[in-house]
Student: 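One structure is given below, represented as structure tokens, and several questions about it will come after.
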Number of protein chains: 2
Amino acid sequence: MDIENAKIPQATAKRLPLYYRFINNLHSQGKMRVSSKELSEAVKVDSATIRRDFSYFGALGKKGYGYNVEYLLSFFRKTLDQDETTNVALIGVGNLGTAFLNYNFTKNNNTKIQIAFDASDDRIGDTVGGVPIKHIDELEEYIDGISVAILTVPAQAAQGIADRLVKANISGVLNFTPARITVPSSVRVHHIDLAVELQALVYFLKHYPLDGELEDEL
Amino acid sequence: MDIENAKIPQATAKRLPLYYRFINNLHSQGKMRVSSKELSEAVKVDSATIRRDFSYFGALGKKGYGYNVEYLLSFFRKTLDQDETTNVALIGVGNLGTAFLNYNFTKNNNTKIQIAFDASDDRIGDTVGGVPIKHIDELEEYIDGISVAILTVPAQAAQGIADRLVKANISGVLNFTPARITVPSSVRVHHIDLAVELQALVYFLKHYPLDGELEDEL
DNA sequence: TTTAGATTGTGAATGATGTAACATTTCCGT
DNA sequence: ACGGAAATGTTACATCATTCACAATCTAAA
């Protein structure tokens with residue numbers, strides 16, 4: 001919330017978690033220093049872009065030397081609020097939901113899936129990836145202290161559940177359903193539409209020159 | 001490949017599948033006409049942006065009237081090469097891979113997952129969502145006629161499999177692993193990194209004003 | 001047929017992002 | 001201690017994308 005961070009471009013903010021993970025890798029490999037050029041090859045982002053991104057946070061590197069891995073790491077840890085974890089709920093324990101629960105989010109991350117909900121009676125009471133599953137009817141009872149929801153339910157259910165999440169004071173939603181949900185402007189929604197991603201890739205392949213293009217961020 | 005399509009901005013191209021799906025919805029609801037304003041509310045994209053996007057394809061609408069749903073639909077069907085399906089392979093039938101296989105991609109889409117591969121012996125020979133599963137060792141035998149691969153394998157395996165896919169003449173890869181794979185510039189790669197998406201959402205929540213912002217595309 | 005109302009398509013303004021290029025500074029071997 | 005090599009931080013530019021605002025045009029109803 002400080003003034004400095006308020007000015008960081010969204011495109012940069014989206015790359016921060018990526019940088020963080022690779023810096024973390026370097027650190028566990030015992031590497032002491034890294035240049036923007038090396039980092040560029042690893043994360044597939046132009047080195048000038050990396051330097052620009054880092055510069056929003058001040059002078060993190062040293063000219064002629066590069067960046068100190070340890071320092072970068074501790075800086076990113078602090079900046080990405082690594083220590084203060086955000087509590088997440090997952091709604092819809094289907095295939096996609098299960099994938100998320102099994103994904104090891106606690107490692108190197110500032111987020112933790114605390115609880116999951118599902119409509120099918122079979123799964124209630126189980127834990128998947130260490131996360132307990134409750135019935136969706138009990139959403140309001142258990143959602144206290146949760147600020148972000150991952151929505152992996154069938155498309156028809158999306159808006160209804162979104163409404164309940166809003167009432168329960170959620171701050172952000174990661175929406176994996178094809179439905180575009182409507183929420184108050186105080187709630188942030190990111191849409192990730194798997195079918196659209198695949199179709200867009202196919203469209204690019206058919207209509208854009210294949211050669212000399214760098215691969216894209218999503 | 002025609003000259004007209006070559007000039008369409010990438011940002012627009014990414015929205016086309018989204019438009020297509022919603023126009024399809026309208027059509028099955030029996031709606032005859034639609035304005036950019038209505039469409040805007042449904043897909044959460046500014047109405048001027050929608051009009052601009054459509055205008056790259058010529059004058060699809062009529063002033064004072066809006067767009068004819070039937071006409072729009074047939075136009076998008078043609079433009080997105082709805083009739084000529086792209087064959088897709090899925091590598092890695094874990095939770096995330098299974099989610100993809102069960103997702104109904106044949107409905108309203110120009111893509112079809114023809115075959116899946118996995119390293120675990122248990123699943124070989126099964127079909128999931130109508131898609132047969134082969135062993136990853138047999139990749140090269142079965143990949144003929146496949147132009148796109150969905151990569152849902154563990155991160156360590158990603159680069160090795162990418163190399164094999166490139167040798168097998170793949171055109172595009174949808175990479176769901178955290179690894180950033182290296183491929184020749186003739187191959188298009190889109191990265192979708194679930195952990196990064198979640199972290200980025202959390203970062204935005206903590207550092208950007210909550211109110212008055214429109215929700216984001218991913 | 002005329003008119004009021006609606007909505008497109010687009011020129012122009014604005015904003016956001018990416019990248020080339022280089023002066024500046026630091027490192028490090030001799 | 002010095003000079004060359006290296007790599008940052010940033011200025012300037014180029015590109016891409018979004019949005020405003022409105023003339024042009026159409027519909028539909030009286």
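From a predicted model like this one, the values you see are computed outputs, not experimental measurements. So you know, we letter chains A, B, ... as the sequences are listed, proteins then strands, and number each from 1.
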Student: Under 4.0 Å from any atom of DNA chain C, heavy atoms only: list the residues of residues 26-34 of chain A that qualify, in numerical order.
Tutor: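 Heavy-atom contacts with DNA chain C come from Arg33(A).
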Student: Assess the side chains of Asp53(B) and Thr12(B): does a donor N or O sit below 3.5 Å from an acceptor N or O?
Tutor: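 Side-chain D/A pair, Asp53(B) to Thr12(B): present.
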Student: Quick one: Leu39(B) CG to dT7(C) P, roughly how many Å, whole number?
Tutor: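 So the CG-P distance, Leu39(B) to dT7(C), works out to 13 Å.
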Student: With side chain to side chain contact (heavy atoms under 4.5 Å, CB included) as the criterion, how do Leu101(B) and Val93(B) come out once you've worked through the C-alpha distance, each side chain's angles and the decisive distance to 0.1 Å?
Tutor: CA-CA 8 Å; Leu101(B) 294 179; Val93(B) 191; 4.0 Å; yes
Student: Can a side chain N or O of Ser36(A) be found less than 4.0 Å away from OP1 or OP2 on dT8(D)?
Tutor: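 So the side chain of Ser36(A) is within the cut-off, an N or O lying under 4.0 Å from OP1 or OP2 of dT8(D).
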Student: To the side chain of Ala59(B), which of dG9(C), dT8(D), dC20(D) is closest?
Tutor: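 Among the listed nucleotides, the one closest to the side chain of Ala59(B) is dG9(C).
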Student: Show your reasoning for whether side-chain hydrogen bond (donor to acceptor under 3.5 Å, both in side chains) applies to Asp163(B) and Gln159(B).
Tutor: CA-CA 6 Å; Asp163(B) 292 344; Gln159(B) 185 62 57; 2.8 Å; yes
Student: Strictly by modelled atom types, are Asn95(B) and Asn102(A) linked by a side-chain donor-acceptor pair under 3.5 Å?
Tutor: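 Yes.
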Student: Parallel, tilted or perpendicular: which describes the rings of Phe57(B) and Phe76(B), with under 30° parallel and over 60° perpendicular?
Tutor: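 The rings of Phe57(B) and Phe76(B) sit tilted, inter-plane angle from 30° to 60°.
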Student: Rounded to whole Å, please give me the gap between CG in Leu60(A) and P in dG9(D).
Tutor: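 Distance, rounded to whole Å: 7 Å.
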Student: Mark yes or no: Arg188(B) above the aromatic ring of Phe204(A), with NZ or CZ under 6.0 Å from the six-membered ring centre and no more than 45 degrees from the axis.
Tutor: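 Yes, cation above the ring, under 6.0 Å and within 45°.
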Student: Would Glu70(A) and His27(A) count as having a side-chain donor-acceptor pair, cut-off 3.5 Å?
Tutor: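 Looking only at side-chain atoms, His27(A) and Glu70(A) do form a donor-acceptor pair, the distance falling under 3.5 Å.
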Student: Would you indicate whether the side-chain heavy atoms of Phe54(B) and Ser36(B) approach each other to under 4.5 Å?
Tutor: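 In short, these two side chains do not touch, never coming nearer than 4.5 Å.
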Student: Does the structure place the NZ or CZ of Arg33(B) under 6.0 Å from the centre of the six-membered ring of Tyr65(B), at an angle of no more than 45° from the ring's axis?
Tutor: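 Yes, Arg33(B) sits over the ring of Tyr65(B).
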Student: Tabulate atom names and distances for all N/O pairs under 3.5 angstrom spanning the protein and nucleotides 24-26 of chain C.
Tutor:
| residue | atom | partner | partner atom | Å |
| --- | --- | --- | --- | --- |
| dT26(C) | O4' | Lys63(A) | O | 3.3 |

Student: Measure the distance from CG on Asn68(A) to P on dA7(D) and round it to the nearest whole Å.
Tutor: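 Those two atoms, CG and P, are 15 Å apart.
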Student: How many angstroms lie between atom CD1 of Ile161(B) and atom CD1 of Ile136(B), to the nearest 0.5 angstrom?
Tutor: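 Spacing of CD1 (Ile161(B)) from CD1 (Ile136(B)) equals 4.0 Å.
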Student: If you find the nucleotide of DNA chain D closest to Ala11(B) and the one closest to Ser55(A), which residue's nucleotide is nearer the 5' end?
Tutor: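 Nearest nucleotide further toward 5': that of Ser55(A).
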Student: Among Arg21(B), Lys44(B), Arg15(B), exactly one meets salt bridge (charged side-chain N to carboxylate O under 4.0 Å, His left out) together with Asp193(A). Which residue is that?
Tutor: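 Answer to the salt bridge (charged side-chain N to carboxylate O under 4.0 Å, His left out) test with Asp193(A) among Arg21(B), Lys44(B), Arg15(B): Arg21(B).
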Student: Give me the residues of residues 47-54 of chain B where at least one heavy atom lies under 4.0 Å from an atom of DNA chain C, by number, or none.
Tutor: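 Only Arg51(B), Arg52(B) qualify.
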Student: Over how many whole Å does the gap from Tyr56(A) atom OH to dA16(C) atom C1' extend?
Tutor: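 These atoms are roughly 9 Å apart.
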